[in-house]
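Read through the structure below, which is laid out as structure tokens, and then see the notes.
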Amino acid sequence: PGSVEAAWLLASVLTEAGHADEAVELLRPLADAGRLDPNQVFKLTRMLMFAGHLEEAQLRARRLLAARPESPTLWERIAQT
């Protein structure tokens, strides 16, 4: 897909269909390039967990929280995970 929105939509569908690995491969380059918003990065961490990439999920979650430690929404979502 040519846009973040299209990639995100496709990744969401892939994850729901049980193909989290493919979703991660699609979104990982966008996350690495800083093109995902914090909410999308958080959701990517969940996709990583579903795909069995627990260490990478933890690393991305730590980075996200380090960049936004004052965000009650992020802390709430982490607590719910």
Side-chain angles (χ1 to χ4, degrees):
S3 72
V4 171
E5 293 79 15
W8 184 256
L9 179 61
L10 179 56
S12 297
V13 170
L14 286 167
T15 300
E16 289 294 319
H19 300 283
D21 269 331
E22 292 176 49
V24 165
E25 292 306 314
L26 183 63
L27 294 178
R28 192 180 272 140
L30 296 172
D32 292 343
R35 295 186 59 201
L36 298 182
D37 68 36
N39 187 50
Q40 291 169 326
V41 173
F42 174 76
K43 289 180 181 177
L44 172 59
T45 65
R46 306 238 332 128
M47 291 175 185
L48 285 160
M49 290 189 309
F50 295 147
H53 302 285
L54 300 180
E55 286 185 30
E56 183 180 353
Q58 288 177 336
L59 178 63
R60 288 187 186 272
R62 284 188 197 120
R63 286 183 190 157
L64 183 58
L65 287 171
R68 297 176 169 272
E70 76 291 343
S71 174
T73 304
L74 287 176
W75 284 104
E76 182 180 331
R77 287 186 176 185
I78 294 291
Q80 293 172 354
T81 303

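Note that this is a predicted model, so its numbers are computed, not measured. We use all heavy atoms of the structure for the numbers below, so side chains are in, but hydrogens, waters and symmetry mates are not.
Atom-to-atom distance recorded for Lys43:NZ and Leu27:CG is 11.5 Å, nearest 0.5 angstrom. Here Asp21 contributes atom CG and His19 contributes atom NE2; the two are 10.5 Å apart, rounded to the nearest 0.5 Å. We find the CD-CG distance between Glu55 and Leu48 to be 12.0 Å, quoted to the nearest 0.5 Å.
Among all heavy-atom pairs drawn from Ala23 and Met47, the shortest one is CB-SD, 4.1 Å. Nearest heavy-atom pair, Val24 versus Ala51, reported as atom, atom and distance to 0.1 Å: CG2-CB, 4.3 Å. The shortest non-hydrogen separation linking Ala7 to Leu30 is CB-CD1, 3.6 Å.
Applying the side chain to side chain donor-acceptor pair (under 3.5 Å) rule to Glu25 yields the partners Arg28; only residues at least two apart in sequence or on another chain are considered. For Ala31, the side-chain contact (heavy atoms from CB on, under 4.5 Å) partners are Leu36, Leu44, Arg60, not counting sequence neighbours. Taking the side chain to side chain donor-acceptor pair (under 3.5 Å) definition, one finds that Asp37 meets it with nothing, sequence neighbours left out. With sequence neighbours left out, Arg63 forms a side-chain contact (heavy atoms from CB on, under 4.5 Å) with Leu59.
For the pair Val4/Gln40, a side-chain contact is recorded, criterion being any heavy-atom separation below 4.5 Å from C-beta on.
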